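Have a look at the structure below, then the notes.
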Amino acid sequence: MIATRSPGLGPILSRTFYRRPATQVARDLLGKVLIHGATGGVIVETEAYLGLDDAASHAYRGITRRNAVMFGPPGYAYVYFIYGMYECVNVVTEPDGKAGAVLIRALEPLLGIELMQSRRPTAKRPRDLASGPGKLTLALGITRALNGADVTKGALIVRDRRGAAPFEIEASPRIGITKNADLPLRFTIKGNEFISR
DNA sequence: GGTAGGATGGGCT
DNA sequence: GCCCATCCTACCC
């Protein structure tokens with residue numbers, strides 16, 4: 001089902017949008033468009049990661065060199081390296097000084113699809129291009145060089161969308177974690193075929 | 001349709 | 001030295 005596809009990009013999301021609780025931002029990012037350079041897609045799956053109270057969060061044990069961006073001002077990218085091979089992208093939420101971020105887990109490809117395919121030669125079908133946090137960073141060319149980048153301006157941005165069909169939000173447990181794994185902090189566009197599972 | 005196992009290296013105890 | 005906010009291939013229904 002392609003419930004979200006239709007043209008009409010709106011304005012870039014403001015810093016105020018991100019200066020809110022991670023759980024709220026995670027829900028509200030669904031249906032928005034993540035863009036890097038000539039490539040981009042509709043956000044169809046997110047996860048909220050909280051701060052010092054969330055054992056699954058990189059921020060749980062306090063500030064370190066890796067996670068420092070999560071403790072800074074909202075509206076910046078937190079990109080980290082995982083499993084020796086992949087990178088994942090978050091947007092930082094909450095006011096400056098309070099840790100929180102939203103992991104972008106899946107996109108419905110929208111812009112620069114041919115370029116994404118060339119970056120993801122193992123993808124057999126469009127739904128495999130960006131249906132996972134490591135896949136979408138490859139498809140969009142997002143690397144750790146973008147850690148700390150301002151997502152309210154520049155090459156990596158999130159834009160609103162006009163004229164998209166309405167959708168339902170489904171909440172479920174976060175994927176791939178073992179600690180604090182019961183909370184329903186994963187959000188998906190219900191029925192969308194581009195989610196990670 | 002489904003899943004088990006391996007790849008691969010930074011981060012932190 | 002162990003733990004990962006993962007993905008792909010091979011193999012089995």
Side-chain angles (χ1 to χ4, degrees), chain A residues 1 18 21-27 29-30 34 36 39 41 43-72 74 76-94 98-109 116-149 151 156 158 170-189 191 193-197:
Chain A
M1 182 192 305
Y18 300 101
T23 302
Q24 192 64 52
V25 176
R27 299 177 67 96
L29 278 172
L30 295 175
L34 178 68
H36 181 230
T39 54
I43 297 169
V44 298
E45 176 178 347
T46 60
E47 285 177 358
Y49 284 88
L50 315 180
L52 300 169
D53 299 329
D54 180 7
S57 173
H58 289 175
Y60 180 57
R61 297 178 188 284
I63 191 166
T64 67
R65 174 126 95 240
R66 177 176 67 153
N67 68 20
V69 178
M70 282 186 74
F71 289 81
Y76 292 84
Y78 169 47
V79 185
Y80 67 89
F81 186 59
I82 189 68
Y83 294 116
M85 310 170 77
Y86 300 105
E87 281 148 310
C88 297
V89 62
N90 297 246
V91 291
V92 174
T93 64
E94 312 276 356
K98 181 172 183 183
V102 175
L103 173 67
I104 311 297
R105 282 196 59 90
L107 301 177
E108 177 175 331
M116 289 195 234
Q117 285 171 334
S118 71
R119 289 167 171 161
R120 293 261 313 130
T122 59
K124 303 287 183 263
R125 305 162 300 178
R127 64 187 293 182
D128 299 323
L129 273 181
S131 55
K135 298 178 192 177
L136 73 90
T137 54
L138 286 168
L140 266 58
I142 296 169
T143 70
R144 280 165 288 176
L146 285 164
N147 187 47
V151 300
L156 179 65
V158 184
E170 193 156 46
S172 56
R174 293 174 291 184
I175 304 283
I177 59 169
T178 54
K179 292 168 291 192
N180 208 11
D182 295 334
L183 297 176
L185 294 180
R186 173 183 182 238
F187 302 99
T188 55
I189 290 183
E193 70 170 308
F194 295 89
I195 64 178
S196 65
R197 59 162 80 163

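Letters A, B, ... are given to chains in the order of the sequence lines, protein chains preceding strands, and every chain is numbered from 1. Here the structure is a predicted model, which is why all the values come from computation and not from measurement.
The distance between the ring centers of A:Y78 and A:Y76 does not fall below 6.0 angstrom.
A heavy-atom distance below 4.5 Å is not found between the side chains of A:L136 and A:L129. Using a 4.5 Å cut-off on side-chain heavy atoms (C-beta onward), A:V102 and A:L29 make contact. Between A:F81 and A:T143 the shortest side-chain heavy-atom distance does not fall below 4.5 Å.
In this structure, A:Y49 counts as stacked on the base of C:dA5 under the 5.5 Å centre distance and 30° plane angle limits.
By the side chain to side chain contact (heavy atoms under 4.5 Å, CB included) test, A:R125 is found to be paired with A:R127, A:D128, residues two or more places apart in sequence or in another chain being considered. Qualifying side chain to side chain contact (heavy atoms under 4.5 Å, CB included) partners for A:E47, counting only residues two or more places apart in sequence or in other chains: A:Y49, A:L103, A:R105, A:R174, A:I175, A:R186. Partners of A:Y60 under the side chain to side chain contact (heavy atoms under 4.5 Å, CB included) rule, at least two apart in sequence or in another chain, are A:A55. Evaluation of the side chain to side chain contact (heavy atoms under 4.5 Å, CB included) rule for A:L52 yields A:F71 as partners, not counting sequence neighbours.
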Annotated protein contacts, base or backbone, on nucleotides 2-13 of chain B with a non-hydrogen cut-off under 4.0 Å, one of B, S, - each: -----BBBSSSS
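With DNA chain C read from its 5' end, the first of the two nearest nucleotides for A:G132 and A:K179 is the one closest to A:K179. Summary of the strand contacts: A:G176 and A:L138 both lie near DNA chain C, and taking for each the nucleotide with the nearest heavy atom, the more 5' one is attributed to A:G176.
Atom CZ in A:R186 sits roughly 16 Å away from atom P in C:dA5 (whole-Å rounding). The separation between A:I175 atom CD1 and C:dC4 atom P is 16 Å, rounded to whole Å. Going from atom CG of A:L129 over to atom P of C:dC7 covers 13 Å, rounded to whole Å. When rounded to the nearest whole Å, the span between CD1 of A:I177 and P of C:dC3 equals 17 Å. For A:R125 and B:dG1, the CZ to C1' distance is 12 Å, given to the nearest whole Å. If you take OH of A:Y78 and P of C:dA5, they are 9 Å apart, rounded to a whole angstrom. Separating the CD1 atom of A:I195 from the C1' atom of C:dT6 is a distance of 17 Å, rounded to the nearest angstrom. Whole-Å rounding puts the A:R127 CZ to C:dC8 C1' distance at 16 Å.
The minimum heavy-atom distance linking A:P133 with A:C88 is given by the pair CB-SG, 3.8 Å.
Put simply, A:T178 has a side-chain N or O that comes within less than 4.0 Å of OP1 or OP2 on C:dC4.
The residue A:R197 sits apart from the nucleic acid: no heavy atom pair falls under 4.0 Å.
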Paired and unpaired positions of DNA chain C as dot-bracket, Watson-Crick or G-U wobble under 3.5 Å, | denoting a partner strand: ||||.|||||||.
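In the set C:dC8, C:dA5, C:dC4, C:dA5 carries the atom at the smallest distance from any side-chain atom of A:L103.
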